[in-house]
Amino acid sequence: MAQLFVEPDRIVRARELARAAAMGVQAFIDRHTTVSIERTVLRLLGIAGAGSRGAPLANLMVDRLRDAGVLKDGAAYWLGRALRAAPGKDPLQAIERISAHPAKLPALGAAEEEQLREEMRAEARAAVRELRARIDQRKQLKASLRVGSFEGAPWKYVIVATGNIYDDVEQARAAAQQGADVIAVIRSTAQSLLDYVPHGATTEGFGGTYATQENFRIMREALDEESRKLGRYLHLTNYSSGLCMPEIAFMAAHERLDMLLNDAMYGILFRDINMQRTFCDQYFSRRICAFAEIIINTGEDNYITTADADEAAHTVIASQLINQTFAQNAGMGDELIGFGHSFEIDPAREDTLLREFAMAMMVRELFPKSPIKYMPPTKHKEGDIFFSHAYDVMADLVAITTGQGIQLLGMMTEAMHNPFLMDRYVALKSAAYVYRAARHLGGEIRFAPDGIVARRQREIFDQALALLEEVAKDGMMKAIGKARFGDTARMAEGGKGLEGVVEKAPGYFNPFLEILEEGR
Amino acid sequence: MAQLFVEPDRIVRARELARAAAMGVQAFIDRHTTVSIERTVLRLLGIAGAGSRGAPLANLMVDRLRDAGVLKDGAAYWLGRALRAAPGKDPLQAIERISAHPAKLPALGAAEEEQLREEMRAEARAAVRELRARIDQRKQLKASLRVGSFEGAPWKYVIVATGNIYDDVEQARAAAQQGADVIAVIRSTAQSLLDYVPHGATTEGFGGTYATQENFRIMREALDEESRKLGRYLHLTNYSSGLCMPEIAFMAAHERLDMLLNDAMYGILFRDINMQRTFCDQYFSRRICAFAEIIINTGEDNYITTADADEAAHTVIASQLINQTFAQNAGMGDELIGFGHSFEIDPAREDTLLREFAMAMMVRELFPKSPIKYMPPTKHKEGDIFFSHAYDVMADLVAITTGQGIQLLGMMTEAMHNPFLMDRYVALKSAAYVYRAARHLGGEIRFAPDGIVARRQREIFDQALALLEEVAKDGMMKAIGKARFGDTARMAEGGKGLEGVVEKAPGYFNPFLEILEEGR
Amino acid sequence: MSAEKEKHLIRPYGDRMDDGVIQLSFVLPVACSEQAKEAAATVAKKLGLSHVLVSAMEQAGENYSFFVVYGRTHMQLDYNAIEVPEVLHRKHGFDELNEAVRRDLGRRIVVVGACIGTDSHTTGIDAIMNMKGFAGDYGLERYPMFRAVNLGSQVEPSSLVARAKAEGADAILVSKVVTQRDVHKEDARALIESAKEQGIFEKTIFLFGGPRVDHKTALELGFDAGFGPGTRPSDVANYIYYRLLERMGRAPPPQKTAHGTPDATVPATGEKLGETL
Amino acid sequence: MSAEKEKHLIRPYGDRMDDGVIQLSFVLPVACSEQAKEAAATVAKKLGLSHVLVSAMEQAGENYSFFVVYGRTHMQLDYNAIEVPEVLHRKHGFDELNEAVRRDLGRRIVVVGACIGTDSHTTGIDAIMNMKGFAGDYGLERYPMFRAVNLGSQVEPSSLVARAKAEGADAILVSKVVTQRDVHKEDARALIESAKEQGIFEKTIFLFGGPRVDHKTALELGFDAGFGPGTRPSDVANYIYYRLLERMGRAPPPQKTAHGTPDATVPATGEKLGETL
Ligand code: B12
Ligand code: B12
Ligand SMILES: Cc1ncc(COP(=O)(O)O)c(C=O)c1O
Ligand SMILES: Cc1ncc(COP(=O)(O)O)c(C=O)c1O
């Protein structure tokens, strides 16, 4: 089993600091909403579909409300008002009508106000009940099938990314038949920067396939079928990340996805999305994940594909502790938090396997209840596919030996292209072999209490602690401004999407959030 | 470091039994000589070259003497007589002359007898001095260069086998430049069944290149050059095995080879060579190896490429203990005995990595002073080169972690063809990575004292002990007759080459053996 | 007959259907350089590939470079036009087969086998003939209705034939594992030759097996059938049984069965059965 | 000129010189079967390979088979006929280069760079431009005689050009890592276009870099030079220095130096220097 060589009191201290850092932001989050959050509320309330030029209706409505400066009251409130003002009318037109000159709109009496809210709450509850039913369907199917290759084996996670959802389905089915447990449909490059979620099925993407509700549906349907055929449950995952975290979380919940990549800081650091926006969005999206029992995968692996994996190891630990607090603040249990990290140390160095063991065991043991998400070597991958494969095999070994929960399998062609069918085949076959060959190795071996591995763990943790001290002192926003994470500095007012952040008015109304926050 | 979980007293017992078994044969060995031994003596005494139809002169002479029924006195004796009888004459003709009707030959007086023997002894000593000088050259070159990739790393052993010595040289140089430490020139299929050593350079072999003195010379010359260029010593190895064990050992010593595959039973079991013949030949060949400080590699790996590796693991241990006694009887120190075993358990099974660790650590620790020769997976190799490569990588990991001395690197194309240049490249690059990545792993981990690995070691050793009890009771020859080793039964009077075994006459004369046995 | 079949065009598949992606690796006898890399790309192009990407150029020795290359072929294959001699018989289980032999032949089938020439790879022929068998499938020795004589390895073709003649064998089982410069074909031909010389060619069934053996090659070499990697003794037992029936003019019409299922493929027996397809 | 060179014929090398051995792997959209295996062999034969050995056929999904194939090509390549645009300059060390710039240009060189389009892979451009550099080789920021402005990732081609114009840049450094469906070429062309529109094309040096970029492609796209994997900042610094000299009509004759040595290759600058070969 994985071993932890860090003194418990230091771990307690680190958790306090992480909590302190995140708490500073939570107050801000509670005072604000975003266009994406409001669009999500409208989607829950049945505003689906897209306008003539493909723009989602939810976007058209929320933009109107924001431009009219009334979004601060909550989109649900104005949808209610609009429908009252023009019963039976098309919602978009209704919203357009009132947001043309909201001032002119006669105020409602307290009773009416209250009644309107009650009606909307009733609608929201009904919608949530339906959502719950779909989520239960997913859980029932999973409960009725085998999960993973064997007890204690990491779930084999592979990527499909042809850019065409129908090719994705072909490749996903093949992967499933070869032993994959999780299918991730990689998004089209920089979808994260779109402030809307595209509509309909995708047949042309760059470096991936757009995350759309229709694509989710098509893939989930195919995986349900394969799951039943194989008697093994196939998980589906995508990205609740970028400018539309809450909406994608909602769509994912609705289309019965099992996992989502969702990180409190990734968008800020790697997509230059404004931090106020991301902090608000991550909260709402995680409230949805908590409700839908969707496992999130955090993105700390990205730090060490950018910075040097050996030097930046501690930023992974610090960030995971922060991500954990943010997730817990959003009502998520540890069993739903898939902490991300990866096997990325430059293979040209010595004792890299020991250093990876140190890190993998520490992450595993710091979050004993969580399904750790282990990523493969990528940054130092080169075109020699045979070497690349050997390198991946070492990651498989560490994954099974240290009991990682979810392993994204390395691809021998990582340095060249998105995985081909045969690349996945090769990875899945070898991973199955390594899992089998080393099945009980973790239970057999103990690392020396003062050896290279133990010392390395303490070294990393000490650095993480020092970083957290600083972050807790400076506060998250300032720390990010100092490039403390992912080697990238971002400013509180900088980045994309700030215009989508709105301070809540006193009477702000969000019936969906009310339900999600019940018993907060 | 490698761990041994077997109780010491059982190990002591096993060694006693192995000694007892081998000792039974030693008496027989001392009473007999063979055509190959006698040819070796003649070669030492300068009988090189081949006759018109390519038959080596040594063969022509020894055959005559055997046909004349006088080989029992020793070839050296008759060479002496012949040269006396016909001074200045061509040795072959001289031998032919006297062996035509040896009876007719006037007996020598005691003084003359003694003088003749003294002369031959003097010649032998002179020849041995020259041999020693060549061996010292080899040792000096090695002492002046780096050996292996780093302290504690197994020597990377690769095979060349093009069938053409000049292509072999090309491939050996390339392998050396890629990091190989040991070059094995694989012999042509079934050279082991030839009762002579072919003469000259080979350009056409099947599945390998003939082991000839000229081929040895050509390859050693190339490797000397590469060694100097790379600053790293390149070892050369071949096969002292089959019907010509002593001769090849002598040629190898003379041509400055560093290692030889040499096993007390391999020829008997896997080439159906008569056991009396092999037992005598292995003794003399090992006397030469002891003198020349040539590391032998025993062939226990072959048991588990024939029988099931999991079921027959104990035969490997038992055989190694027997091989050790035979080698010690021939004056070899443990540091010269490279015990062979291999990573051969069917990868379709579970916990194979643990079981391989158990075996590799046990062999390592049973013979702490010896350079263990670790062979790669072969039998269960199939045509999927990517899987095959992953499988080899696991063997690399076990090799570095358990401190094996010499590792024959697995080839991803093992199931198809003799290694190509690119196959070796792939193997060498990955092995270098695994050695580097896991360099100090062995020092870090301890296996649970009552875990799967520990229990597996005890299980294997118990079976080995039981087998040795039986062999010691039955005696080697009978045990082999019962197919106790390599799943193959062989009879004392069966197999090839029995006609080449001759009981020594009282006055048997072998000046070379006298030197080799000095201080026995 | 393939004329009648409608076409089924296929291409290699990498990322998207019919993209024609193929991976290559090879060594060129030149040192690494931009020129060497271009040479590697040229090799791929000369093979007719487009979108050529030299993903790796590695120094594999002073004067050798190792390359990994990806490219796309534009060739199309009509899958329906591809024919392999393959006939499917329903495969009997162990007891069932022994029973069938007793019933239909009324005597034990005699088979003699060996690994011939200088080849000493016995595991293959042992897997087929010895008690233990292969992958949990009993060997011929274990079948009450077979008499199996395994001569082991390094047997001269002529001596194998002689022994088979002496034993009055119904079938001769030949194994060859070493294939360097087609030595396996040489030895196989030699065996057929001496069978003719010793006059048992007509009345004996010849089986050829080994990791590089396939049915087609075996037929070309004058054998009745060829058996490659993964062959099970029961495949062989069934084959010999059916072949003997057939020689008695009592072959049942072969029935199609799924490949790889317990009712596994039993290789064809060339012409005669070929027609019954 | 290659006409003058005498031929140097080469072939892939596996076991014996000129045996032409090549390894292939690919997937066919059919289930495993003898027929599928034959189809795989046919693919190899259609590529012109002989001695085709299908060493693996693996079920890679219900309707897909993965194949590993070995074969031999009979093609021969005249190595001397293969030409790559590549010019070698002696490469200056860090201090030496700064000194040379001060001496020969008398001012700091200004470079502006970014990873353009939707591509957010910054590590490549950072490796070249930022202090830290790459593989122990300092980045351009570190050079006293360079002013390096790195705009980071996801920068629109036009904004990169605009900024470069504002900074009066000597050189524009463009990075593209994502290459799906040639998006890198699209973006590269867009950049050159807007440089022309904004009227700085003539007086600016354009460098294109990325893991799938090579000098040839860069030239085709209208850049001055292309830099692929493993590029070091010092290669870039030296290149820009020489290129500027050259524009001042003061380019020194390039000297041949070994590939991969510290005096590493500095890619060619297309036509002009091409002639000096
Ligand atoms: C085990 C082995 C050995 C063992 C043999 C032990 C023994 N008692 O058989 C030892 C160590 C002795 C050995 C030695 C050599 N080997 Co070897 N060996 C192998 C190895 C690793 C496995 C072969 C094996 O046992 N397979 C398992 C059996 C069950 O499979 P199979 O033979 O394919 O048999 C199945 C089918 O083919 C079929 N079948 C086979 N025969 C028949 C016959 C009939 C009638 C039927 C119906 C079916 C049938 O049914 C069987 C069950 O399904 C292979 C590599 C590999 N992984 O294939 C190399 C390999 C075969 N060996 C090879 C070589 C070159 C040699 C040597 C010549 C090397 C040397 N110079 O030292 C020597 C000399 C051997 C000789 N004189 O012939 C090469 C052959 C290259 C080639 N294609 O020509 C191989 C491929 C390794 C390599 N890549 O170099 N070898
Ligand atoms: C790290 C990485 C990431 C990180 C990037 C972190 C960061 N801050 O840059 C993260 C995780 C964010 C990421 C995300 C994605 N990635 Co990415 N990523 C990689 C990875 C693993 C390594 C790239 C790298 O850092 N190399 C190290 C640098 C130093 O090397 P380099 O870029 O080649 O640069 C050198 C030379 O090329 C040259 N150079 C480069 N630029 C320039 C410019 C100039 C002017 C000069 C002179 C020289 C020069 O000098 C540099 C030093 O020598 C590669 C796989 C691989 N191993 O190559 C995939 C890879 C590039 N990513 C890929 C993809 C598809 C993506 C995503 C689109 C996937 C998705 N949908 O999630 C996303 C989205 C990114 C986006 N919007 O563009 C694919 C691209 C496929 C293709 N060929 O189109 C790759 C190949 C992985 C794969 N097999 O799928 N990725
Ligand atoms: C948390 C997170 N979100 C998103 C992505 C994917 O990038 P993009 O935002 O471009 O879809 C990743 C990639 O690793 C990630 O870790
Ligand atoms: C001891 C020994 N001798 C010889 C050989 C090679 O076989 P052959 O005798 O055919 O050369 C081996 C092969 O593994 C061996 O282990």
Side-chain angles (χ1 to χ4, degrees), chain B residues 158-175 177-178 183-186 188-189 201-209 222 347-348 378 380-392 410-427, chain D residues 8-28 30-44 49-61 64-75 77 79 135 229-230 258-261:
Chain B
V158 296
I159 278 169
V160 296
T162 68
N164 177 326
I165 188 64
Y166 302 103
D167 274 290
D168 286 344
V169 163
E170 273 303 293
Q171 303 236 1
R173 282 181 184 272
Q177 290 156 8
Q178 298 155 22
I183 302 294
V185 180
I186 297 290
S188 191
T189 309
T202 304
T203 55
E204 289 296 331
F206 290 99
T209 308
T378 62
H380 296 284
K381 279 297 186 78
E382 291 173 359
D384 175 353
I385 55 177
F386 299 100
F387 180 75
S388 172
H389 186 45
Y391 186 13
D392 288 332
M411 293 291 138
M412 65 183 184
T413 55
E414 169 67 28
M416 280 90 77
H417 48 244
N418 283 156
F420 290 166
L421 200 150
M422 63 196 205
D423 303 333
R424 257 180 247 105
Y425 175 76
V426 165
Chain D
H8 170 194
L9 298 176
I10 60 171
R11 279 213 180 114
Y13 177 111
D15 193 33
R16 297 216 181 170
M17 192 53 79
D18 288 335
D19 55 17
V21 168
I22 289 184
Q23 171 268 330
L24 309 176
S25 74
F26 53 86
V27 164
L28 290 178
V30 293
C32 289
S33 71
E34 283 305 307
Q35 189 180 4
K37 196 169 179 180
E38 189 61 27
T42 310
V43 168
L49 303 183
S50 67
H51 298 78
V52 170
L53 169 66
V54 178
S55 67
M57 170 172 65
E58 308 261 313
Q59 190 81 50
Y64 295 96
S65 302
F66 173 54
F67 298 94
V68 176
V69 180
Y70 281 80
R72 301 181 182 194
T73 172
H74 299 282
M75 81 171 65
L77 238 57
Y79 193 55
H259 181 90
T261 63

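Every chain is numbered from 1 and lettered A, B, ... according to where its sequence line falls, protein lines coming before strand lines.
For B:F386, the part lying under 4.5 angstrom from a heavy atom of chain D is the side chain only. Heavy atoms of B:D168 lying under 4.5 Å from chain D are absent altogether. When heavy atoms are compared at a cutoff of 4.5 Å, D:V21 approaches chain B solely by way of its side chain, counted from C-beta outward.
To the nearest 0.5 Å, atoms NZ (B:K381) and OG (D:S55) are separated by 12.0 Å. In this structure, the separation between CD1 on B:I385 and CD on D:Q23 is 4.0 Å, given to the nearest 0.5 Å.
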Check against side-chain contact (heavy atoms from CB on, under 4.5 Å), D:Y13 and B:E170: CA-CA 11 Å; D:Y13 177 111; B:E170 273 303 293; 3.7 Å; yes

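When each of B:N418, B:D384, B:T413 is checked for heavy-atom pairs under 4.5 Å with chain D, B:D384 comes out on top.
Minimum heavy-atom separation, D:L53 to B:M416: CD2-CG, 3.7 Å. For B:D167 against D:M17, the heavy-atom pair with the smallest separation is OD1-N, 3.2 Å.
Proximity of B:H417 to D:Y70: side-chain heavy atoms (C-beta onward) are separated by under 4.5 Å at one or more points.
Heavy atoms of other residues, nucleotides or ligands lying less than 6.0 angstrom from CD of B:E382 number 12 at most.
Listed for the B:Q171 side chain is a donor-acceptor partner under 3.5 Å among the backbone atoms of D:D15.
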